[in-house]
Asker: 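Let me begin by handing over the structure; questions about it come next.
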Amino acid sequence: VADLYVFFFQAEDGIRDFCLSRGLGDVYKRQLKTLSIIESEFGKDNPNTAQIQKCVGEVYKNQRNFNLAEKYFQECLKVFERHLGDGDPTTIKVYTELSQVCLLYTS
């Protein structure tokens with residue numbers, strides 16, 4: 001059972017070496033650091049930045065931190081609407097994520 005647990009733990013954080021794996025907290029920190037780097041490289045009004053914001057929003061949604069999830073989904077939605085349009089599948093996905101967060105937050 002311990003080996004099975006380690007396998008899933010490592011698969012979740014993307015690190016295969018047990019000695020290097022420190023859990024999902026490191027993954028979340030890396031995503032925020034990535035967002036910071038992408039924002040400084042491309043600016044806030046860029047689809048690449050918005051994609052990372054969407055990922056960060058999904059992380060916060062999964063943690064049930066709906067306030068922060070909503071914040072990141074709102075930010076990336078503005079960029080996707082401006083650059084991709086309302087009918088783009090990526091924009092629609094963010095609409096869906098945002099509506100789920102709103103439903104979960106109010107329930």
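Keep in mind that what you see is a predicted model, and the values were worked out from it rather than measured. Start at 1 with the first residue, then count along the sequence.
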Asker: Out of curiosity, Gln51 CD to Asn46 CG, how far, rounded to the nearest 0.5 Å?
Answerer: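 Those atoms lie 11.0 Å apart.
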
Asker: Can you tell me how far apart OG1 (Thr34) and CD (Glu41) are? Round to the nearest 0.5 Å.
Answerer: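 If we round to the nearest 0.5 Å, Thr34:OG1 and Glu41:CD are 12.5 Å apart.
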
Asker: Should Gln74 and Tyr72 count as side-chain neighbours, where that means a heavy-atom distance under 4.5 Å?
Answerer: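 They are not in side-chain contact.
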
Asker: Give me the atom names and distance for the closest heavy-atom approach of Ala50 to Cys76.
Answerer: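 Heavy-atom minimum between the residues: O-CB, 3.2 Å.
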
Asker: Mind checking the OG1-NZ spacing from Thr90 to Lys54? Nearest 0.5 Å is all I need.
Answerer: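 One finds 7.0 Å between OG1 of Thr90 and NZ of Lys54.
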
Asker: Would you indicate whether the side-chain heavy atoms of Glu39 and Gln53 approach each other to under 4.5 Å?
Answerer: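 Yes. Closest side-chain heavy atoms under 4.5 Å.
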
Asker: If hydrophobic clusters are built from ILVMFWY residues whose side chains come within less than 4.5 Å, do Ile37 and Phe42 share one?
Answerer: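 No, Ile37 and Phe42 fall in different hydrophobic clusters.
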
Asker: Taking C-beta and beyond as the side chain, do Glu75 and Val79 meet within less than 4.5 Å on heavy atoms?
Answerer: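 No. Closest side-chain heavy atoms not under 4.5 Å.
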
Asker: Transitively linked via ILVMFWY side-chain contacts under 4.5 Å: Phe73 with Leu104?
Answerer: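 Yes, one cluster joins them.
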
Asker: Go through the steps for Asp45 and His83 under the test side chain to side chain donor-acceptor pair (under 3.5 Å), then give the verdict.
Answerer: CA-CA 9 Å; Asp45 188 34; His83 289 274; 3.3 Å; yes

Asker: Can you check whether Lys44's main-chain N or O pairs, donor with acceptor, with Thr49's side chain at less than 3.5 Å?
Answerer: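 No, Thr49 side chain to Lys44 backbone: no donor-acceptor pair under 3.5 Å.
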
Asker: Can you name the nearest heavy-atom pair linking Val101 to Phe66, along with the distance?
Answerer: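 Nearest pair, atom of Val101 first, then Phe66: CG1-O, 3.6 Å.
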
Asker: Taking all non-hydrogen atoms of both residues into account, name the closest pair between Asp86 and Ile92 and its distance.
Answerer: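 So the minimum-distance heavy-atom pair works out to O-CG1, 3.7 Å.
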
Asker: With a 4.0 Å cut-off on N to O distance, would you call Glu97 and Lys61 a salt bridge?
Answerer: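 Here Glu97 pairs with Lys61 in a salt bridge, since their nearest N and O are under 4.0 Å apart.
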
Asker: For Gly87, does its backbone N or O pair with a side-chain atom of Thr91 as donor and acceptor, under 3.5 Å?
Answerer: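 Not at all, since once roles are kept as given, no pair shorter than 3.5 Å links the two residues.
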
